[in-house]
S.K.: 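Would you mind keeping the following structure in view while I ask a few things?
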Amino acid sequence: MPTTMTWSDYGAESTYRPARPTRPTYVPPHLRNNGVFVPNESNQPGIRTAQLGRTGASRGRGRGHGRGGGRGWFNQTERWSPNQSNAPFDISSKFDELEVDHDDEANTVSGSINFEAYEDIPVQASGSDIPPPVSSFAEIDLGEGLNRNIKRCNYVRPTPIQRYAIPIAMAGRDLMACAQTGSGKTAAFCFPIICGILNRNHHSRPGQLACPLSLILSPTRELTCQIHEEARKFSSQTGVKIVVAYGGAPISRQLQNLERGVDILVATPGRLVDMIERERVSLRMVKYLALDEADRMLDMGFEPQIRKIVEQMDMPPSGARQTMFFSATFPNEIQRLASDFLSNYIFLAVGRVGSSTDLIAQRVEFVQDTDKRHHLMNLLQGQRENGTHGKFALTLIFVETKRGADALERWLSMNGFPAISIHGDKVQMERERALNSFKNGTTPILVATDVASRGLDVPHVAHVINFDMPKDIDDYVHRIGRTGRAGKSGLATAFFSDKNLPLAKALVELMQEANQEVPHWLRNSAERASTIASGGHARRFGGSKFGGYDFRRDAYSESENNYYSSTYGNTDPNVDSYAASSYALSHPAAAAACANSYASGWC
DNA sequence: AAAAAAG
C-alpha cells in the first residue's frame, strides 16, 4: 500500500515555453540521491506526467502568453492594495513596469516571470492517506470571500506548493512541507487557515484576553510583518481578524489591536510569550498552528521558546489542533524534533525554485579575509560599469557579525557606494528603514547579518554576495535564495577564505547538484577537508543534507535497533507503507505498478 | 563564537 508518491509536476503547463531540448529534467537537491525520485514516470493515471505535462503546455497556449501573459503564479506586477496604501507593493509594481524595458533578460522569458523555470518540478509526499493535489483554485471550495481575494491578488493558478499543500491542509491533516519561500508558501498555509476559520463561523469576542483560533510563528520581526501583510490581503473583507505581534515595537498598540478581537495571530516567539505571561493572550482556542522557517524555529536558540509556547502554555495538544511546518531546508535532526508537535502528518517536498537551483549562478572565489574589501570594491565597480547595479539590480551582502555589518556599510558609503545595513542590534525603526531604503533602491546595497537571510521577499535582488560565508550550508541555501526569486535568474558570489574549509565539502555537493561549475581549488579543499572531518560527526543528517526528505524512512530502515521503532513500530500502518514504497521506488517497474495501484484506488 | 528573539 504505497503512500509515498512521486510526481513530475508541471505547474506551468498552461504557459508557452520555448523548447529546451537537451536539458535533463531538473531535480532539486533535496530530492536527489535518495532513491525516491522517478523523473520520467509516465504511467500514472490521474497524475500528470512528463508527456502529459507538455501536452498541457500546448493546450494552454491560447490563454495569454508572451510578455506579461500568464501572470498569476505569484503576481509580482499588479499588486493589489487594500484600503490604505501599501508602500512595498506599490514600489514593487513601479519597478516591474519599468523593468520590462530595462532588463535584457526579460526578453528571454515570457513576461516578467520566468515560467520555464517551473518546468519539471518534482514533488514527493509521504504519510498515510494523502489527499491528491489540485490544479486550480476552483477545485477547492475555499469560499466566496477568499476566492474574491485570490482574484484581487491576481493569482490565476496555484503554485506547486499550493497545489499539493492546500488539499492536505484543507483535509485537516498535519503537514511538514519543504518548499522555497517566495514560491507561494504563505498563501499555502493562509488559505486553509482562513477558510477553516470562516467555516467554523466563529466570531472573535473583543476583550482583555485574546483567544486566537490560529497562531503563525516566524523567526524574525521582518518576516512576521511580511506574513501579516500577506495574510491581511487574503482575509480582507471576510471578517477574519488578523493581528501581528513582534518585539522592538511598542506593545501597547499591539495589545489594543488584540483587544478588538483576533482570529489569527502572527507573531515572533519572544513577544508572544510576553503577552501570554501578561495574560493578554491565551492559546486555548488555537485550532491551527503554522511555523514558517520551521527548521530555524527548532534550532538550538529557538527550541526552548517554541516548546514553551506549544507544549507548556495552554495550547491544545497535537491531534486536537492542526499543525503545519514550512521551510526550504529541513535537516533530519530537526524533523525529529518537529515530529513531537505533529500528529499523523504528511511530509511534502516540492522542488525548490530559486534556491540552489540553476536559476542562481553560484560563484566561489578564494579571498583571504584581509583582501575581502579590495575584492568587493572591484566587484562593485565592475557591476557599475556594466550597468548591473542600481535601482533595478540590488546587491545584498551578507557578513558574519553585527559590527562587521556596520563597518562595511560605513566603508562602502565612504567609497562611493550608497549602502545601508540591517542587523539585530539596530532598533526596529532603523531595521525597517534600512529594508525599505534597500527595497526602493535609495541604497541599492544592503549589508546584512543572518537576520535577513530567511524568508524576506525583496524583488530585484540581482546579486547576493557572501562576504563572510555562513557556518552552516543550510544558511547558505537560504541566503542565496534572496535572489533568483519568482523564477528570475540571479547571481550569488561567495568569498571563500581558508577559515571556511569545513564548509567546502557541503558547498561542492550543493553546487554539483545545482549544475554549477566548481572551481578546482575548491574541489581540492573539499577532498582534503573531508579526509580530516570524515571521522568525526560525519553526516548528521543522513542521506540528503539539503532540503530534506521524510526522516521517517530512516527511522524505518534502522528500526531493528533504533528507538524510533517504538514510535513507528511494526504495528504502525505507516511503516508498511514506507517499506512498500521504498522498495517500489528503487525498482522502476514496481514504482509504476505502485503508482497505478494508488491511482486506481487499490490502496 | 555569532545571530535571532522580550525589555
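Every heavy atom of this structure was used, including side-chain atoms; hydrogens, water molecules and symmetry mates were not. Just so we're on the same page: letters track the sequence lines, and every chain starts at 1.
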S.K.: Go through the structure and list residues passing side-chain contact (heavy atoms from CB on, under 4.5 Å) with Thr220(A), not counting sequence neighbours.
M.R.: Glu222(A), Leu223(A), Val451(A)
S.K.: OP1 or OP2 of dA3(B) versus the side-chain N and O atoms of Lys471(A): is any pair under 4.0 Å?
M.R.: no
S.K.: Between Tyr345(A) and Arg552(A), is there a cation-pi geometry (under 6.0 Å to ring centre, at most 45° from the normal)?
M.R.: yes
S.K.: Give the nucleotide from the list dA6(B), dA2(B), dA4(B) with an atom nearest to the side chain of Glu277(A).
M.R.: dA6(B)
S.K.: Scan residues 247-268 of chain A for pairs that pass salt bridge (Lys or Arg N to Asp or Glu O under 4.0 Å), counting only residues two or more places apart or in two chains.
M.R.: Glu259(A)-Arg280(A)
S.K.: Thr449(A) side chain N/O closer than 4.0 Å to the phosphate oxygens (OP1, OP2) of dA4(B)?
M.R.: yes
S.K.: Picking from dA1(B), dA3(B), dA4(B), which would you name as closest to the side chain of Thr401(A)?
M.R.: dA3(B)
S.K.: Whole Å only: how far is the CG atom of Leu272(A) from the P atom of dA5(B)?
M.R.: 14 Å
S.K.: Given the side-chain rings of Phe467(A) and Phe398(A), with only the six-membered ring counted for Trp, is the space between their centroids under 6.0 Å?
M.R.: no
S.K.: How long is the line joining CD of Gln305(A) and C1' of dA3(B), in whole Å?
M.R.: 13 Å
S.K.: Reckon Thr268(A) has a side-chain N or O less than 4.0 Å from the OP1 or OP2 of dA6(B)?
M.R.: yes
S.K.: How many Å lie between CG on Asp450(A) and P on dA3(B), as a whole number?
M.R.: 9 Å
S.K.: Would you mind reading off the distance between Met297(A) atom CE and dA5(B) atom C1', rounded to a whole angstrom?
M.R.: 9 Å
S.K.: dA6(B) P sits how many Å from Leu255(A) CG, rounded?
M.R.: 13 Å
S.K.: Could you tell me whether Arg431(A) contacts a base, only the sugar-phosphate backbone, or nothing, with contacts defined as non-hydrogen atoms closer than 4.0 Å?
M.R.: sugar-phosphate
S.K.: Measure from the side-chain N and O atoms of Thr323(A) to the backbone N and O of Leu289(A), and report whether any donor-acceptor pair falls under 3.5 Å.
M.R.: no
S.K.: Atom CD of Glu293(A) to atom P of dA4(B): distance rounded to whole Å?
M.R.: 15 Å
S.K.: So, OP1 or OP2 of dA5(B): does either fall under 4.0 Å of a side-chain N or O from Arg221(A)?
M.R.: yes
S.K.: Give the rounded distance in Å between these two atoms: CD1 of Ile306(A) and P of dA4(B).
M.R.: 17 Å
S.K.: What nucleic acid atoms does Gly424(A) come within less than 4.0 Å of, heavy atoms only: base, sugar-phosphate, or nothing?
M.R.: sugar-phosphate
S.K.: Send over the distance from Glu222(A) CD to dA5(B) P, rounded to a whole Å.
M.R.: 7 Å
